[in-house]
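First the structure, in the form of structure tokens, and then the observations on it.
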Amino acid sequence: MRWSDYFIPTMKETPQDAEIISHQLMLRAGLIRKLSSGLYSYLPLGLRSLKKVEQIIREEMNRAGALEVLMPAMQPRELWERSGRYEKMVDVMFNLKDKNKRDMVLGPTHEEVITEIAGRDIHSYRQLPINFYQIQTKFRDEIRPRFGLMRAREFIMKDAYSFDVSWEAADGSYQAMYDAYERIFKRCGLTVMAVEADSGAIGGSQSHEFMVLAEAGEDGIVICEESGYAANLERAEARIPPRNDPADSMAAEEVETPGMGTIKAVSKFLEQDPERFIKTLIYLADGQAVAVLLPGDRDVNEVKLAKVLACTKLEMAGAEKVEEVTGAPPGFAGPVGLSIDVVADLRLKDIQGAITGANVRDRHLRHVHLERDATVKSFADFCLVRSGDPCPRSGHAMIEKRGVEVGHVFKLGSVYSEALNATFVDEAGDQHPMVMGCYGIGVGRTMQAAIEQCHDKDGIRWPISIAPFHVEIVTLDTTDEACMEVVNNLFSGLEAKGVEVIIDDREERPGFKFKDADLVGIPLRVTIGNKGLAKGQIELKVRGGDTVFVPLDEALSTVAAKVSELQEAIGVEC
RNA sequence: CGGGGCGUAGCUCAGCCUGGUAGAGCGCUAGCUUUGGGAGCUAGAUGUCGCACGUUCGAAUCGUGUCGCCCCGACCA
């Protein structure tokens, strides 16, 4: 391919609406263009990379025994009402009507459609297990699209769905996908980490997320380098050491804390560590007020809390509601004397000599012994884990990182198969719902995450497996016939060996082309000009690495060998 | 949806406060010179100043409304 015949609109300056580096580079290198918030076009160069990611996914899914299908993006809304998920997902669904005024939706995911297929055409245990996948466009009306392809409203996803006869059998399908995912991301040149995750709106019992570690990632995760424990913050647990507060037999007493509605202020005023405070938050769990207690230096993990309270809708109570249930404005709530349910974090078990709100304006209580002075309905773990907390397995301090979720595997169980009546008959002739799993990869997000992980100050540094081209030939003397003959010979020689080459044949100054080459980030750059040819050599440079000079007659074999070397360095046999 | 910011040439931005009818750099077109890390000179082309209404003799500039985009929160591949 010749650059002059291609379409690579590069930009010297950074577009103002791109915040993170990978998004900036995708725009600057001419990979994508924005149509509207969360809606992107792939330009020729970007599409080449995307297709390579897709191809790696396809090969590994096939290797794992999954069968490719393609389902409609547009679906009748009624199907979603039958599974009971329309209600849950209305906020992200695009709704439309067909010409007969029938309600349709654009699919944000495909559990419903695939379960309908399985239910219709799978009847016997003899047909199981089976796993279907597709690479298809999804639509989600995200509350806030962000960071280019990272969170788009229309995006390409690989989604797979497994069907098994039992939970035990489903574990095998899950593991097969987990293993396939590790291979896929490795082959894409990415360093990913599988972390325990919450299963969210998709439902199900167990799940792992595949995270690309990156500062710009939207997810917080904690990891223990000792035990290998790794979890999304939404899900993460920590070992909770027993308290050993000094005994405090004094009765609780009120202290004046005028205008001090924050733990920070009271902590400073009473010269007590925030950890000695009982933070009291009033939540509405499915509309029911409940007091939630945790150490003063801690934050709530609302995902964990919602599970503890077994509620579907959880929100902080407004100031009015707080005043109604505690008798004081926010900032002075405490567990003592409350008539609503009180749940406490396990880190407060046996706390004594503590400080908390007095449920009276401008008053706090000190010398509080939680279980002596208040009625706690239950203790549970719902703190947000943070850096330094002990690992639940090894007890070592965990560290916090940020990551981009590029893949997610779930054990779904029979939620959908029951709702949509996807059953099979076993050896004994009994009917059972199929046991499902589902497995997603954000294809565009994976491509962008690769850039987020592989770049330098000059531009992208593509892993060769997903680079738009393997080699870029920069020609310095485009009007010189002898020079162009060398270029064309090398080009056709490499093409014949299956190496993908782009020639920058534009009539631009060398520096201009080098800058573009660095920005676009093709892994190997061959520079050919009269100056080198006079010495009988060409120049070979790995993106971001050193330059070597290669004699003309060895050019073809050396470049081809270097391509293979880079491919092998990725480290997974294909 | 709540909070914050921004809409002026293809891109990055100035002009707005203090109204007088639009600019720079890059990019684009042509020519000459240049040619190993985003060249120089010369000559050009390009704008419903996001949109609507209002105030005014006069609005990019002031007011109101509206649309769009970005950032922070809940959601997710």
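Per chain, numbering begins at 1; letters A, B, ... match sequence-line order.
Residue side chain A/Arg151 reaches the base of B/C76 through a donor-acceptor N/O pair under 3.5 Å, judged by distance alone.
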Identify each atom pair where a protein N or O and an N or O of nucleotides 66-72 of chain B are less than 3.5 Å apart, giving names and distance.
residue: B/C69; atom: OP1; partner: A/Ser36; partner atom: OG; Å: 2.7
residue: B/C69; atom: OP1; partner: A/Ser37; partner atom: N; Å: 2.9
residue: B/C69; atom: O3'; partner: A/Lys34; partner atom: NZ; Å: 2.9
residue: B/C70; atom: OP2; partner: A/Ser37; partner atom: OG; Å: 3.0
residue: B/C72; atom: OP2; partner: A/Arg144; partner atom: NH1; Å: 2.9
residue: B/C72; atom: OP2; partner: A/Arg144; partner atom: NH2; Å: 2.3
residue: B/C72; atom: OP2; partner: A/Arg146; partner atom: NH1; Å: 3.2
residue: B/C72; atom: O5'; partner: A/Arg144; partner atom: NH2; Å: 3.3

List, with names and distances, any nitrogen or oxygen atoms from the protein found under 3.5 Å away from nitrogen or oxygen atoms belonging to nucleotides 28-39 of chain B.
residue: B/U34; atom: O2; partner: A/Arg509; partner atom: NH1; Å: 2.8
residue: B/G36; atom: N1; partner: A/Glu539; partner atom: OE1; Å: 2.7
residue: B/G36; atom: N2; partner: A/Glu539; partner atom: OE1; Å: 2.5
residue: B/G36; atom: N2; partner: A/Glu539; partner atom: OE2; Å: 2.4
residue: B/G37; atom: O6; partner: A/Arg525; partner atom: NH1; Å: 3.1
residue: B/G37; atom: O6; partner: A/Arg525; partner atom: NH2; Å: 3.1
residue: B/G37; atom: N1; partner: A/Asp518; partner atom: OD2; Å: 3.0
residue: B/G37; atom: N2; partner: A/Asp518; partner atom: OD2; Å: 2.1
residue: B/G38; atom: O2'; partner: A/Lys12; partner atom: NZ; Å: 2.8
residue: B/G38; atom: O6; partner: A/Arg28; partner atom: NH2; Å: 3.4
residue: B/G38; atom: N1; partner: A/Asp516; partner atom: OD1; Å: 3.1
residue: B/G38; atom: N2; partner: A/Asp516; partner atom: OD1; Å: 3.2
residue: B/A39; atom: OP2; partner: A/Arg509; partner atom: NE; Å: 3.4

Considering only nitrogen or oxygen atoms on both sides, find all protein atoms under 3.5 Å from nucleotides 47-52 of chain B and state each distance.
none

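Atom CE in A/Met316 sits about 19 Å away from atom P in B/G2, given to the nearest Å. Taking atom CD of residue A/Glu154 and atom P of nucleotide B/C76, one finds them 20 Å apart after rounding to whole Å. Rounded to an integer number of Å, the gap from A/Glu13 CD to B/C13 C1' is 8 Å. Remark: P of B/G73 and CD of A/Glu234 are 13 Å apart, rounded to the nearest angstrom. Going from atom CG of A/Leu233 over to atom P of B/G73 covers 13 Å, rounded to whole Å. In this entry the distance linking CG of A/Asp219 with C1' of B/C76 reads 8 Å, nearest Å. Atom CE of A/Met89 is separated from atom C1' of B/C75 by 9 Å (rounded to the nearest Å). Distance, A/Phe94 CZ to B/C76 C1': 14 Å, rounded to whole Å.
No side-chain heavy atom of A/Leu31 sits less than 4.5 Å from a side-chain heavy atom of A/Tyr42.
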Verdict with supporting geometry, A/Tyr161 and A/His110, ring-ring contact (aromatic ring centres under 6.0 Å, His included):
CA-CA 9 Å; A/Tyr161 306 90; A/His110 278 70; 7.4 Å; no
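Taking atom C1' in both B/C67 and B/G50, the straight-line distance is 8 Å, to the nearest Å. Nucleotides B/U55 and B/U64 have their P atoms positioned 15 Å apart, rounded to a whole Å. For the P atom pair drawn from B/C41 and B/G68, the interatomic distance equals 44 Å after rounding to whole Å. Separating the C1' atom of B/A9 from that of B/G27 is a span of 10 Å, rounded to the nearest Å. The same atom, P, is picked in B/G63 and in B/U56; the two are 16 Å apart, to the nearest Å. B/C72 and B/A60 have their P atoms separated by 34 Å, with the value rounded to a whole Å. Taking the P atom of each, B/U66 and B/C76 are spaced 31 Å apart, rounded to whole Å. Nucleotides B/C17 and B/C62 have their P atoms positioned 5 Å apart, rounded to a whole Å.
Side-chain polar atoms of A/Ser22 and A/Gln448 form a donor-acceptor pair below 3.5 angstrom. For the residue pair A/Tyr133 and A/Asn62, a side-chain donor N or O sits within less than 3.5 Å of a side-chain acceptor on the partner.
Across every strand in view, B/C69 sits in a pair with B/G5 that passes the Watson-Crick or G-U test at under 3.5 angstrom. The partner of B/A39, taking Watson-Crick or G-U wobble pairs whose two distances both stay under 3.5 Å, is B/U33. When both distances must be under 3.5 Å, the Watson-Crick or G-U wobble mate of B/A59 does not exist. Summarising the base pairing, B/C17 is matched to no nucleotide, lacking a Watson-Crick or G-U wobble pair whose two defining distances lie under 3.5 Å. In this structure B/G44 sits in a base pair with B/C28, meeting the Watson-Crick or G-U test at under 3.5 Å.
Using a cutoff of 4.0 Å between basic side-chain nitrogens and carboxylate oxygens, A/Asp546 and A/Lys541 are not scored as salt-bridged. Using a cutoff of 4.0 Å between basic side-chain nitrogens and carboxylate oxygens, A/Asp159 and A/Lys138 are scored as salt-bridged. Salt-bridge formation is detected for the pair A/Lys307/A/Asp198: a Lys NZ or Arg NE/NH1/NH2 atom is positioned less than 4.0 Å from an Asp or Glu carboxylate oxygen. No salt bridge links A/Asp345 with A/Arg298; every basic N to acidic carboxylate O contact stays at or beyond 4.0 Å. Between A/Asp299 and A/Arg386, no side-chain nitrogen of the basic residue sits less than 4.0 Å from a carboxylate oxygen of the acidic one, so the salt-bridge criterion is not met.
Between A/Glu302 and A/Gly442, the residue anchored closer to the 5' end of RNA chain B is A/Glu302, taking for each the nucleotide with the nearest heavy atom.
At least one test fails for A/Arg445 against the ring of A/Phe155: distance under 6.0 Å to the centre or angle within 45° of the axis. Remark: A/Arg48 qualifies as a cation-pi partner of A/Phe469 under the 6.0 Å distance and 45° angle criteria applied to the six-membered ring.
Atom CD1 of A/Ile223 sits about 4.0 Å away from atom CE of A/Met193, to the nearest 0.5 Å.
Applying the 6.0 Å contact sphere to NZ of A/Lys401 captures no more than 12 heavy atoms from other residues, nucleotides or ligands.
Within the nucleic acid shown, A/Asp91 has no heavy atom closer than 4.0 Å to any nucleic acid atom.
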